[in-house]
> 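Just passing along the structure, written as structure tokens.
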Amino acid sequence: MDELQRTDPEIFDLIKSEERYEIDSIRLIPSENYVSKAVLEATGSVLTNKYSEGYAGRRYYEGQRYVDQIESLAIERAKALFKVDHANVQPYSGSPANVAVYVALLKPGDTIMGLSLPHGGHLSHGWPVSVTGTFWRAAQYVVDRESHLIDLDAVRKLAHKERPKIIVTGGTAYPRLWDFKAFSEIAKEVDALLLADISHIAGLIVGGVHPDPAPYADVIMTTTHKTLRGPRGAMIMCRQQFADAIDKAVFPGLQGGPHNHTTAAIAVALKEAATPDFKTYARKIVSNAKTLADELLARGFSLVSGGTDNHLILVDLTNKKVIGKKGSKALETAGIVCNYNTVPYDPRKPFSPSGLRLGTPAVTSRGMGDAEMRQIANWMDRAIANAGDEAMLTRIASEVTEMCRQFPAPGLSLR
Ligand code: DSN
């Protein structure tokens, strides 16, 4: 980045500081990762110079001889990897992609039924502060108070009562597997479509360590930057019968020109995700999460649903007498980055909830394994027990940095 350094040393220094920070800290936010150098290079390429409204072969601009090929490659790779009829790789990110699905398939005021946000869902699944909960009517299912699992009988009952036009699976803080077959049966009973939002688990599905929605969902939406380990973006995949409506909703319905540099980086990430190495990576994400969960349980941490089947862990800190915000701050000072999060039936408010959300995609990309998960649980235990003791937290941070330096972060360098 020599030219950036010359032109704008202030921004250059901040980017380099972030790079060092990503190297020297343990990043446990489950929606974050380290992309490969190849993905970074495509993201930072000349494709950012282009405008390409429309679709390959049907653009509103001349000069698309290479962009058309890039977008077509991304589409073909997405279709092959996720075994779907149609893919649109243009959505700017996950929330706009979900809105595009609703615009394509629903009328204003129709009912969307998704997992409630405080129970692990996502804003764009009909939560009231999102447009998805105001332009459409929302009905939200919840997890069971005791098991913290989705109770499919309760989902069925709610669906029959609310008659949604679309049922959404997926979320941001559900540590267990999704039963797409059961959801599709419920959707059929009430004449609803099934949207599988697999943003968090796309890489796990590709890796064969999470059930596959392709045989059951009418539409699959995913962001491309979480377990899938691509650039910030999204894709909508669907059965052929919905292809036109989805494409029209993305462009011209909601967006202008696609971000071609992102499209190219998505294509690269999809190529990487089709390799045997990626399957090994996906398996390791889950086994690391299970090890971290077990090690936390052994240290008296209380976990929502008692553990995990995927890449994420939701900790309820109530028994540790520390609130989520104070806990996540203490961990940040100790070099462990996660986020505070509501837990199901949380008596506290969303801006200061009881829990912490952890995930293993990023640490697994660095090659960390069981021994490091044990060490992370140790540091977390010490940090939470000493939340507020800056000296202790800083001591932990230097131990964290020492370990991090032994695990190169893909695409990053200290130079
Ligand atoms: N992407 C979400 C997450 O952090 O899980 C929020 O949209």
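One-based numbering, in listed order, for ligands and for the atoms of each. As the structure is a prediction and not an experimental result, all values here were calculated from the model.
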> R27: which residues meet the salt bridge (charged side-chain N to carboxylate O under 4.0 Å, His left out) condition with it, sequence neighbours left out?
E32
> Does the side chain of R59 come under 3.5 Å of the side chain of S52 through a donor N or O and an acceptor N or O?
no
> For the residue pair Y340 and F351, categorise the inter-ring angle as parallel (less than 30°), tilted (30 to 60°) or perpendicular (more than 60°).
perpendicular
> Please output the side-chain donor-acceptor pairs of residues 159-168 that fall under 3.5 Å, not counting sequence neighbours, one pair per line with the distance.
residue: H160; atom: NE2; partner: E189; partner atom: OE1; Å: 2.9
residue: E162; atom: OE1; partner: R137; partner atom: NH1; Å: 3.4
residue: E162; atom: OE1; partner: R137; partner atom: NH2; Å: 2.3

> Identify, with sequence neighbours excluded, every residue that meets salt bridge (charged side-chain N to carboxylate O under 4.0 Å, His left out) alongside R299.
E295
> Please work out which of the three classes, parallel, tilted or perpendicular, describes the rings of F251 and Y55, given edges at 30° and 60°.
perpendicular
> How would you list, by chain and number, the residues with a heavy atom under 4.0 angstrom from ligand 1?
S31, H122, T172, H200, K226, R357
